[in-house]
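Remarks on the structure that follows.
Only a predicted model underlies this, so the values are computations on that prediction, with no experimental measurement involved.
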Amino acid sequence: MSKKLCGTNYPLSICFIVVNEFCERFSYYGMKALLTLYFVTYLKWDKDLSTAVYHAFSGLCYFTPILGAIIADSWLGKFRTIIYLSIVYVIGHVVKSVGAIPTVGNTDVHIALSMVGLILIAIGTGGIKPCVAAFGGDQFDEEHVSERQKFFSIFYMSINAGSLLSTLITPVLRGDVKCFGGDCYALAFGVPAALMIVALVVFIAGSSLYKRNPPQGNILLQVCKCIGFAIKNRWRNSKHEPKRKHWLDWAEEKYSKRLIQEVKMVLRVLVLYIPLPMFWALFDQQVWVYKPKKTTFSQCVSVHYSRFWCIPVKDHRLKLSSHCPRQTDPPKYEMLELEAARMELNIEVSFSGSKVVCQEKFEDQKAHSLIIYKVDTNLRCLLVSGPQIKSTEPKMEDVKANSVHIAWQIPQYVLLTAGEVMFSITGLEFSYSQAPSNMKSVLQAGWLLTVAFGNVIVLIVAEGAGLEQWKEFVLFAGLLLGVCIIFSVMSVFYKYVEPENMDKINLEDTKEEDEGDGKKSSMMLDKTGKSTKL
């Protein structure tokens with residue numbers, strides 16, 4: 001009998017699971033909030049590469065839940081899967097933080113460490129995603145359905161609370177705290193790493209309270225084999241044998257009715273999930289606005305725009321202008337020779353008592369534009385390379401302040417948040433309640449895959465269509481409206497299975513199989529008996 005929380009029907013163990021999820025989401029979103037800025041300003045990647053890597057990482061985080069679900073339901077069980085993959089998660093955060101320390105190697109080392117860290121984080125966060133939610137649902141007894149439904153609401157609240165606090169705190173740690181002569185990315189990534197360690201410790205602390213369901217073999221492989229056999233058997237014998245009620249019933253010759261029934265349940269839910277990625281494609285547009293290619297330097301305090309055929313020697317000092325005027329090519333170009341075709345040099349820039357060392361890579365026979373700007377009291381620099389062409393077109397100009405008050409965004413965000421909360425909490429609980437007992441994590445992973453495919457849709461439309469931002473918004477909104485209509489029609493034909501009836505269905509199927517096996521055995525005994533009498 002599991003311990004209850006303050007005389008209620010809520011197991012005490014869910015406290016550890018909720019706190020674990022809060023800390024894990026803090027670590028994930030805290031790191032992710034700085035990712036594109038880290039790519040552009042620290043690794044010196046261009047906007048297209050930064051955008052591609054960011055969304056590839058986001059997509060990978062939602063494809064790896066399938067891996068975690070297979071390991072949990074087929075091999076290690078949810079408890080051990082969460083612990084082992086959380087360790088991988090922690091290692092990824094530590095590697096990512098070390099890669100953000102300027103004194104550790106050169107740029108290539110930083111890139112390598114960052115990529116290794118992100119891959120480990122994607123495996124860790126994706127692997128535990130379906131397990132934690134399903135493991136929390138496992139803590140409740142079957143008769144406590146309403147408590148379990150409320151648990152998923154609390155669970156999702158912890159997700160949003162962790163993400164909210166992390167996206168507020170980690171940017172402050174990066175900008176306000178200085179280390180190694182610049183923005184402290186190492187600290188900003190190190191704090192999420194520490195929170196992930198706390199999450200792992202908290203989860204292990206509740207070990208003695210957890211209700212654990214043992215894994216039941218490679219269930220996903222059995223499902224695939226069952227589907228394959230049903231298709232093959234139907235293809236071969238459909239013309240010679242009577243029609244069956246469902247195409248999966250053609251697997252009855254080899255597989256149990258219980259397994260066939262469970263596969264039917266899973267496939268019915270997965271088919272229902274097909275239109276859902278469009279919701280996430282539209283929802284992610286609020287993040288997509290802040291991608292690097294949409295940012296400008298219109299809020300600069302001081303900008304200097306210099307053009308070189310080749311780059312000056314080290315420690316060259318630049319004199320900055322104190323305003324942001326319309327910029328054109330400078331009247332005089334610096335023509336200095338490089339020691340190699342491509343060199344990485346440090347340029348020290350000083351202005352009004354502030355200094356910054358710009359570490360940039362320059363190529364011979366190219367025109368380089370070094371943009372110096374101020375954020376708060378700190379100087380920043382950005383190198384833009386181009387062909388050896390001189391132009392009289394303006395390169396930068398002041399942008400007038402927007403006359404629309406920012407408060408007009410509040411209604412949009414209220415509606416977005418309300419839609420996401422209702423959509424996500426319902427989806428989590430639905431995925432758990434409609435899944436067979438041995439495939440809870442697998443169906444949770446299927447739910448999370450809708451987020452991954454939503455990211456894929458964003459990449460295809462944004463990079464392939466080349467539409468203006470507002471046109472992308474209208475396109476996604478129109479597509480989601482169409483998806484809502486399709487999903488409404490699909491839901492009419494879906495037969496909801498009450499969670500308390502789930503085991504009854506499986507139990508009846510099992511009894512039928514046992515009775516069938518008993519009849520076969522008695523017939524064999526009768527035949528054997530008759531032959532003995534003879």
Side-chain angles (χ1 to χ4, degrees), residues 23-24 26-47 49-50 53-54 56-57 60-61 86-125 165-201 292 314-315 342-349 354-362 372-373 375-383:
C23 295
E24 188 272 327
F26 187 105
S27 72
Y28 174 75
Y29 284 107
M31 177 275 302
K32 196 176 178 183
L34 303 174
L35 210 50
T36 49
L37 197 62
Y38 174 76
F39 290 155
V40 173
T41 62
Y42 188 83
L43 297 184
K44 310 300 180 185
W45 286 354
D46 60 51
K47 59 186 179 183
L49 179 59
S50 301
V53 173
Y54 176 86
F57 168 72
L60 184 60
C61 289
S86 292
I87 294 172
V88 174
Y89 200 165
V90 169
I91 294 172
H93 269 301
V94 171
V95 172
K96 184 77 181 65
S97 302
V98 172
I101 300 176
T103 56
V104 178
N106 55 19
T107 304
D108 293 333
V109 174
H110 297 157
I111 293 174
L113 290 174
S114 297
M115 293 303 100
V116 171
L118 288 178
I119 291 172
L120 292 176
I121 290 171
I123 294 172
T125 187
L165 290 177
S166 64
T167 50
L168 293 175
I169 294 173
T170 52
V172 173
L173 295 176
R174 176 201 65 84
D176 292 359
V177 180
K178 301 300 173 185
C179 59
F180 306 105
D183 289 342
C184 203
Y185 282 103
L187 176 64
F189 288 140
V191 170
L195 262 292
M196 189 58 222
I197 295 173
V198 172
L200 178 58
V201 171
K314 294 181 180 180
D315 298 328
R342 192 166 188 254
M343 291 187 65
E344 182 175 301
L345 299 177
N346 293 329
I347 304 175
E348 183 181 308
V349 180
S354 299
K355 291 184 179 180
V356 64
V357 177
C358 305
Q359 186 179 17
E360 306 287 354
K361 288 184 178 179
F362 302 94
I372 311 298
Y373 61 101
V375 177
D376 297 329
T377 58
N378 304 306
L379 293 179
R380 301 284 186 271
C381 51
L382 177 68
L383 184 72

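For the side-chain hydrogen bond (donor to acceptor under 3.5 Å, both in side chains) test, no residue two or more places apart in sequence or in another chain qualifies with Lys44. Ile119 meets the side chain to side chain contact (heavy atoms under 4.5 Å, CB included) test with Ile123; sequence neighbours excluded. Here Phe57 pairs with nothing under the ring pair (Phe, Tyr, Trp, His ring centres under 6.0 Å) rule; sequence neighbours left out. With sequence neighbours excluded, the residues that form a side chain to side chain contact (heavy atoms under 4.5 Å, CB included) with Ile87 are Ile83, Ile91, Leu200. Applying the side chain to side chain contact (heavy atoms under 4.5 Å, CB included) test to Leu60 and every residue at least two apart in sequence or in another chain returns Thr64, Ala122. Remark: Ser166 engages no residue in a side-chain hydrogen bond (donor to acceptor under 3.5 Å, both in side chains) (not counting sequence neighbours).
For Thr170 (side chain) and Gly30 (main-chain N/O), a donor-acceptor pair under 3.5 Å exists by modelled atom type.
One finds the CH2 atom of Trp45 at 5.5 Å from the CD1 atom of Ile111 (value rounded to the nearest 0.5 Å). Here the CZ atom belonging to Phe26 is positioned 5.0 Å from the CG atom belonging to Leu195, to the nearest 0.5 angstrom. The CG atom of Leu173 sits 8.5 Å away from the SG atom of Cys184 when rounded to the nearest 0.5 Å. One finds the CG atom of Leu37 at 11.0 Å from the CG atom of Leu43 (value rounded to the nearest 0.5 Å). Between Met196 atom CE and Ser86 atom OG the span is 4.0 Å, to the nearest 0.5 Å.
Across every non-hydrogen atom of Ala33 and Thr167, the tightest pair is CB-CG2, 4.0 Å. Taking each heavy atom of Val95 and Gly117 in turn, the nearest pair found is CG1-N, 3.9 Å. Minimum heavy-atom separation, Leu120 to Gly92: CB-CA, 3.6 Å.
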(message) Test side chain to side chain contact (heavy atoms under 4.5 Å, CB included) on Phe39 and Leu49; report intermediate values, then the result.
(response) CA-CA 9 Å; Phe39 290 155; Leu49 179 59; over 6 Å; no
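Sorted by first and then second residue, the side chain to side chain donor-acceptor pair (under 3.5 Å) pairs with a member in residues 178-191 read Thr41-Tyr185, Arg174-Asp183, Lys178-Asp183, Asp183-Arg380; sequence neighbours excluded. Sequence neighbours left out, the pairs with a member in residues 99-120 that pass ring pair (Phe, Tyr, Trp, His ring centres under 6.0 Å) are Tyr42-His110.
Tyr29 is not listed as a side-chain neighbour of Pro192, based on a closest heavy-atom distance of 4.5 Å or more.
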Side-chain donor-acceptor pairs under 3.5 Å in residues 96-107, sequence neighbours left out?
{"residue": "Ser97", "atom": "OG", "partner": "His93", "partner atom": "O", "Å": "2.9"}
{"residue": "Ser97", "atom": "OG", "partner": "Phe189", "partner atom": "O", "Å": "3.1"}
{"residue": "Ser97", "atom": "OG", "partner": "Gly190", "partner atom": "N", "Å": "3.4"}
{"residue": "Asn106", "atom": "OD1", "partner": "Asp108", "partner atom": "N", "Å": "3.2"}
{"residue": "Asn106", "atom": "OD1", "partner": "Val109", "partner atom": "N", "Å": "3.1"}

